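Nothing here was measured: the structure is a model prediction, and the numbers come from that model. Lettering of chains follows the sequences in order, A, B, ..., and the numbering in each one begins at 1. The basis for the numbers below is simple: all heavy atoms, side chains too, and nothing from hydrogens, waters or symmetry mates.
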Amino acid sequence: MTSSRDATLSVTALSFRYDREGAELFGGLDHVFAPGALSAVMGPSGCGKSTLLYVLGLLLRPTAGAVRLGSHMLSAEPDGERSAIRASVMGFVFQDAALDPRRSVLDNVCEPAVYSGRPLGPTRERARELVDRLAPGVDTNRRPGQISGGQGQRIALARALINSPTVVLADEPTGNLDADNTNVVLQLLRDVANDGATVVVATHDPIVSSFADDLLTLS
Amino acid sequence: MTTPVTTPASSPQRLYVRHLSREAWRSSQARPVASLLVMVLTAAMCLVSLSTVGRSVAAEGQVRAELEDAGARELVVANGGGWNILGPDVVALAGSLSGVERAVGVGVPVDVTNVAIPQGDRGPAWGVSGNLDDVLRVVEGRTPRPGEALVNTQDQALFGFADPVGAVVSSTGKVIPVVGSYVPKAPFDDLNGVVVYEPDQDARQLRVVLADIGDAAIVQDAVLGLLGSSAASQVSVTSPVTIANLHTRIVGTLGRFGAGLLAMVLGMGALLVAAVVAADTAQASVEWGRRRALGASRSQLVTLATVRVGMAAVIGAVIGMATAIAVTVVRHWAVDALFAGSVATLAVIVAIVAAFPSAVRAAWRDPVSVLRTP
């Protein structure tokens with residue numbers, strides 16, 4: 001059995017449309033997202049950058065084609081199995097961080113572990129380590145409203161990494177950040193890729209391309 | 001040939017009870033208004049149910065207890081004509097009938113006095129056939145043999161017995177040894193004075209205590225059947241059948257009223273809880289979408305939402321019960337403890353069931369539509 005950590009995320013003949021009348025996206029896309037690489041998905045608004053991430057993240061099922069991790073056709077799995085794979089193999093970073101404003105930073109970072117069933121004690125320990133590494137100086141007892149937008153996005157990245165995912169999917173992670181914070185977050189994603197994960201970033205920000213190993217442009 | 005992805009979870013559908021319970025508790029604290037409303041509604045369901053239906057049930061229980069008292073369950077067949085139709089065999093057969101708790105024969109009482117004090121006070125002496133243990137409890141001395149007697153503890157002084165040992169004498173000069181004292185068992189409290197054990201004598205009255213008031217008519221027919229058709233027409237019967245019918249009507253009426261009221265209270269509570277949970281989940285659509293994106297399965301989300309409501313409901317039920325108990329103590333209302341516990345459990349179940357449709361709707365909502373940033 002191949003470990004998912006070594007497996008390659010790929011799409012073959014991928015197409016997607018939201019409804020019958022909607023435009024077809026991706027047009028039979030074939031692409032390999034190599035492990036240890038940071039891939040940037042770019043293109044104009046409406047080309048399907050975020051949609052591709054949701055398809056890769058198994059939140060949407062492709063209209064045609066497949067999403068694979070290694071030889072495992074993830075997109076063909078039933079919903080419950082896709083949820084479990086998402087919980088244990090994937091990490092999501094959203095444009096607006098999407099932290100729960102009513103919960104502490106620590107609770108936010110630990111949340112994916114709830115769904116993957118990881119033990120609580122080690123998870124909280126790892127969450128503190130991740131926050132120390134990615135957002136040093138942030139008090140884990142604070143709420144998202146009490147930290148800056150840049151710190152919030154780093155906390156979102158810590159949350160995405162809590163289950164040590166094989167694949168990290170980031171949807172416009174720097175969309176709401178200033179230049180300094182953009183560089184910090186992109187460097188952190190670069191580090192995550194260097195640690196062996198597959199990192200896919202959907203963005204319209206040209207600066208991302210300077211951090212990327214692989215550029216996928218959708219039209 | 002495909003290579004499955006290795007995941008640390010053994011099964012995607014596995015319910016991580018501890019994690020989810022903790023998450024439900026934390027998230028219910030994070031949404032205090034909805035949790036508080038569910039708590040208040042559940043407490044109100046308990047309080048209203050106990051202060052209305054609970055009192056009704058308690059009243060029903062009291063009426064039922066009175067109607068099911070041993071005295072109310074007594075069937076008396078009296079042989080007014082003096083014919084020898086209530087012999088020991090009839091008493092024994094009556095006692096062995098299904099639905100009969102106890103059956104004894106009681107003779108005509110005669111006046112007796114303490115044999116040592118001929119001019120002393122007089123009291124009645126009752127001849128009893130059947131099992132004496134069904135009629136009385138021996139307090140001092142021993143169980144009498146045939147022809148011997150026990151004196152009622154309350155009448156011991158009347159007869160002038162320092163100890164319940166000696167003899168009494170009837171107006172006809174018959175001397176009856178007294179070998180102890182007794183207290184009568186309900187419904188034989190009228191057997192005061194002296195009880196004489198006369199197992200072989202014909203009785204004037206056959207007194208039957210029914211096991212269940214509901215069987216009054218059947219047992220009455222069976223007892224009269226023991227006498228034969230001609231003898232049955234010569235006796236008078238004091239029957240609990242009327243009480244049994246009253247019992248059935250009262251219990252039925254009170255029960256229907258209580259059940260209807262309880263259904264109305266819980267139904268209203270369920271509607272309000274459903275509305276609160278629906279509004280809460282609709283308002284928190286981004287939260288549910290985020291949870292899905294972070295790996296929550298639909299079943300986990302349904303569990304999370306219902307456990308969250310269940311926790312608030314349990315706290316509400318405890319508060320409601322405590323308040324209801326305080327009110328009942330202050331107002332001196334009688335409320336059945338089992339009923340109170342059942343109502344609290346029912347209120348929690350109703351709250352969880354009411355939350356279920358909203359939980360399912362939230363779990364099946366498309367996460368992408370709520371996560372997309374314009």
Give a yes or no on whether Phe356(B) atom CZ has more than 12 heavy-atom contacts from other residues, nucleotides or ligands under 6.0 Å away.
no

Gap separating the OG atom of Ser297(B) from the CD atom of Glu81(A), nearest 0.5 angstrom
11.0 Å

Please round to the nearest 0.5 Å and tell me the distance separating atom CG of Asp366(B) and atom CG of Leu59(A).
8.5 Å

Please tell me if the side chains of [X] and [Y] come closer than 4.5 Å, counting only heavy atoms from C-beta onward.
{"X": "Trp364(B)", "Y": "Asp79(A)", "result": "no"}
{"X": "Glu23(B)", "Y": "Arg103(A)", "result": "yes"}
{"X": "Leu294(B)", "Y": "Met90(A)", "result": "no"}

With a 4.5 Å cut-off on heavy-atom pairs, point out which of Cys110(A), Pro101(A), Pro119(A) contacts chain B the most.
Pro119(A)

Given Arg86(A), Glu172(A), Arg159(A), the one with more heavy-atom pairs under 4.5 angstrom with chain B than any other is Arg86(A)

Which heavy atom in Ala296(B) sits nearest to a heavy atom in Ser83(A), and how many Å separate them?
O-OG, 3.7 Å

Applying a strict 4.5 Å limit to non-hydrogen atoms, the region of Asp107(A) in contact with chain B is side chain

If one checks every heavy atom of Thr51(A) against chain B at 4.5 Å, the contacting part turns out to be both

Heavy atoms under 4.5 Å from chain A: which residues of residues 286-293 of chain B carry them?
Arg290(B), Arg291(B), Arg292(B), Ala293(B)

